[in-house]
Amino acid sequence: MHKAVDSVESVPRQRRTIWYMGVKTRVLPNFLDGVLADEAPLGATVVDLMSGSAAVAAHCANHYRVYANDVQRYAQVISSSLIEHDPLRKSGFLESLDARSALDSAFRSNLRALEKLYARALEAEESLLKRHASGDESDQWCADYRRFLNQPRSVYATTGQKGPASHGGLYEEAQALLSDESIAAYRHDPSRRPACLTTAYYANIYFGLRQSIVIDSLRAAIEDLPASSIHARETRTHYLSALLHVASISTSGTSHFAQPRHTTKDSELKALAARRTIDIFERFQFWSSEIALQVRETTHLSGNQTFSAPYREFINDGSQGPELRFPGPVDLVYLDPPYTADHYSRFYHVLEVLARHDYPELDRDASGSVLRGRYPKLAGRFQSEFCLKTRVEEEFRTVVHATAGAGAKLVISYASPTGLLLKEYVRRFPEKDPVEQLRQLCRERYETVRVERMPLMHSGQGDSNLQIDEILVVCTRPRGPKA
Ligand SMILES: C[S@@+](CC[C@H](N)C(=O)[O-])C[C@H]1O[C@@H](n2cnc3c(N)ncnc32)[C@H](O)[C@@H]1O
């Protein structure tokens with residue numbers, strides 16, 4: 001039996017998160033929370049090495065000092081909004097939050113400028129979405145909505161639409177904004193206004209047109225918040241985190257941004273229209289309150305910090321072998337790596353672009369056309385070696401040696417039998433138990449390694465409705481490297 005986590009009153013309710021592959025919201029209650037409580041005393045220092053949605057980092061912030069890292073910038077924004085709070089200044093910050101008055105003027109000015117350029121297309125979209133909301137799913141509605149979505153030149157770098165600018169199209173007034181020269185100027189100076197990144201890159205693809213314009217206007221207003229106010233960093237991070245949450249749950253894709261939906265099937269068009277009626281501003285206020293509530297309910301310790309780097313940047317290669325280094329001594333490291341070959345930088349590229357706000361160049365195929373997914377160029381997207389079957393074992397080994405070198409306990413989340421390393425073990429040593437192989441790898445630097453299991457139905461990472469075991473590999477009593 002695991003320790004009770006805490007008295008019920010002092011435990012914040014389960015936080016809602018962005019939609020995220022491998023999010024640990026189902027694994028925390030009655031499983032991971034108990035293991036953490038058993039292994040790290042209240043007040044210990046815990047590292048969440050790959051924090052993703054921050055479900056675990058935010059849980060830990062109520063019990064421990066937390067260092068949270070993830071290579072993706074959006075993940076850092078989210079974890080920072082939840083855990084990087086000075087206990088003494090927190091209530092002042094929370095009281096200062098007021099989205100309408102803080103953002104209203106910059107928001108409106110950006111909105112008006114884009115509304116002007118997109119007036120005809122916005123009118124057409126509004127009428128189509130209203131028809132759908134009032135129950136019209138007729139063949140005629142599908143044909144009209146499909147025609148609207150397939151209007152040429154509605155976004156920057158439109159695949160396969162080279163040649164003279166369209167005349168008379170719904171997007172004619174926006175053509176100057178969407179030109180290569182214009183976007184290059186934004187890339188050079190992202191503070192140009194009106195901010196148009198979401199509209200120029202993803203309108204009618206991952207979001208509706210009005211949704212994109214509202215996202216851009218909120219993003220501009222967040223960027224323009226005064227840098228001098230006493231809570232400037234927390235305030236900007238808070239609103240950007242709220243915006244990332246809204247973008248995540250408003251995607252016109254299923255639950256991520258790996259591919260936009262096709263518009264050929266009527267059922268897909270209806271699903272698109274349903275998502276595109278989400279009111280971004282209203283949802284933004286909801287998420288702002290939700291995050292504020294979570295922060296209010298958490299008893300933060302001082303010294304929490306967040307980072308956005310490949311984990312290897314936290315490794316010192318000392319003479320005694322590698323060692324994980326953070327700003328202070330660490331008691332326990334939680335490692336929740338990607339489980340499969342799916343790169344997070346592809347599934348969540350839109351969140352990354354929104355966080356960075358840098359108008360990236362887009363990936364193109366051999367013929368020079370922008371890829372359907374409209375991903376930033378591959379060179380700008382992090383490729384995790386946990387997603388490569390030739391590298392994954394070495395990645396685990398590197399973490400195990402570095403955390404043991406730092407004298408910390410290690411808790412690893414993984415899935416059996418679907419985790420990439422376990423599949424690789426089965427391929428290489430079909431006669432051996434793959435989980436035992438992973439345990440032996442951890443035993444290279446830990447005296448005691450136990451495996452705990454929780455049966456779960458998987459609905460992500462390509463393993464829909466598959467019964468799997470979520471496993472926790474709990475490594476204690478670190479020891480030095482063998483001579
Ligand atoms: C399974 S998810 C973590 C989920 C998280 N615990 C949650 O509850 O939302 C894996 C994370 O690892 C991050 N990641 C992958 N490779 C990384 C690396 N080399 N360094 C740092 N982060 C990495 C990804 O960006 C992704 O957010």
Side-chain angles (χ1 to χ4, degrees), residues 14-29 31-33 35-36 46-61 66-79 81-83 241 244-245 248 255-258 294 306-315 322 324 326 333-352 355-356 380-388 391-400 402-403 411-415 418-421 454 456 458-463 468 470-472:
Q14 184 90 49
R15 189 176 80 82
R16 297 184 209 204
T17 65
I18 56 168
W19 289 345
Y20 211 54
M21 254 184 340
V23 60
K24 290 297 168 293
T25 32
R26 287 191 297 163
V27 175
L28 264 169
F31 189 45
L32 177 57
D33 60 356
V35 168
L36 293 171
V46 169
V47 169
D48 187 355
L49 199 57
M50 301 182 186
S51 58
S53 72
V56 179
H59 164 84
C60 286
V66 184
Y67 299 140
N69 173 61
D70 196 286
V71 70
Q72 301 296 145
R73 184 79 64 83
Y74 60 81
Q76 184 193 10
V77 172
I78 293 170
S79 62
S81 73
L82 291 160
I83 75 165
S241 177
L244 290 166
H245 281 79
S248 161
S255 59
H256 50 69
F257 303 91
Q294 169 84 8
T306 65
F307 309 87
S308 175
Y311 82 88
R312 280 176 184 266
E313 286 189 15
F314 295 102
I315 291 178
L324 209 60
F326 272 90
V333 174
Y334 173 61
L335 170 68
D336 186 14
Y339 288 4
T340 70
D342 293 324
H343 286 288
Y344 281 75
S345 60
R346 186 168 84 88
F347 274 61
Y348 302 100
H349 62 103
V350 171
L351 298 185
E352 190 67 1
R356 291 177 182 272
R381 278 187 279 137
F382 184 76
Q383 303 295 293
S384 178
E385 297 190 6
F386 282 97
C387 303
L388 305 179
R391 299 286 313 148
V392 59
E393 184 181 32
E394 209 40 45
E395 285 299 269
F396 271 95
R397 178 168 286 114
T398 305
V399 174
V400 166
T403 53
V411 176
I412 303 175
S413 271
Y414 216 45
T418 48
L420 187 65
L421 177 59
M454 178 191 203
L456 211 63
H458 244 215
S459 58
Q461 303 208 2
D463 299 319
I468 56 114
E470 271 287 334
I471 61 171
L472 291 174

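Just so you know, ligand 1 is whichever comes first in the structure, and atom 1 is the first atom listed for that ligand. Remember, predicted model here, so these are calculated numbers, not experimental data.
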- request: Taking atom types as modelled, find out whether Tyr334 and Ser413 have a side-chain donor-acceptor pair closer than 3.5 angstrom.
  value: yes
- request: Please state whether Pro338 comes within less than 4.0 angstrom of ligand 1, counting heavy atoms only.
  value: yes
message: Out of all atoms in ligand 1, which are within 4.0 Å of some heavy atom of Asp70? Include the element for each.
response: 11 (C), 12 (O), 13 (C), 24 (C), 25 (O), 26 (C), 27 (O)
field: Which of the ligand 1 atoms, numbered from 1, are nearer than 4.0 Å to a heavy atom of Ser51
entry: 5 (C), 7 (C), 9 (O)
query: Atom CZ in Phe347, atom OG in Ser255: separation rounded to 0.5 Å?
result: 8.5 Å
task: Apply side-chain hydrogen bond (donor to acceptor under 3.5 Å, both in side chains) to Glu352 and Tyr344, showing your working.
output: CA-CA 10 Å; Glu352 190 67 1; Tyr344 281 75; over 6 Å; no
message: Check this for me: does any side-chain nitrogen of one of Arg391 and Glu394 sit under 4.0 Å from a carboxylate oxygen of the other?
response: no
- prompt: Just which atoms of ligand 1 are under 4.0 Å from any heavy atom in Gln72?
  reply: 25 (O)
- request: Find all atoms of ligand 1 within a distance of less than 4.0 Å from any non-hydrogen atom belonging to Ser384, and give their numbers and elements.
  value: 15 (C), 16 (N), 17 (C)
message: Side chain or backbone, does Tyr20 bring an N or O within less than 3.5 Å of an N or O on ligand 1?
response: yes
message: Is the contact between Tyr344 and ligand 1 made by the side chain, the backbone, both, or neither, using heavy atoms and a 4.0 Å cut-off?
response: side chain
task: Give the contacting part of Phe382 toward ligand 1: side chain, backbone, both or neither, where contact means a heavy-atom distance below 4.0 Å.
output: side chain
task: Under 4.0 Å from a heavy atom of Ser53: give me the atoms of ligand 1 that qualify, with their elements.
output: 7 (C), 8 (O), 9 (O)
- line: Logged contact type for Cys387 with ligand 1, heavy-atom cut-off 4.0 Å, is neither
- prompt: Is Pro337 touching ligand 1 with its side chain, its backbone, both, or neither, if touching means heavy atoms under 4.0 Å apart?
  reply: backbone
- request: Answer side chain, backbone, both or neither: which part of Ser413 comes under 4.0 Å from ligand 1, heavy atoms only.
  value: neither
field: Taking every non-hydrogen atom, the tightest pair across Ile18 and Ser53
entry: CG1-CB, 3.8 Å
message: Closer than 4.0 Å to some heavy atom of Gly22 - which atoms of ligand 1 meet that?
response: 4 (C)
statement: Pro310 heavy atoms within 4.0 Å reach ligand 1 at atoms 20 (N)
task: Verify whether the ring centers belonging to Phe386 and Phe396 lie closer than 6.0 Å.
output: yes
- prompt: Nearest non-hydrogen atom to atom 14 (N) of ligand 1 belongs to which of Met50, Gln383, His343?
  reply: Met50
message: Within ligand 1, which atoms have a heavy atom of Ala55 less than 4.0 Å away?
response: 8 (O)
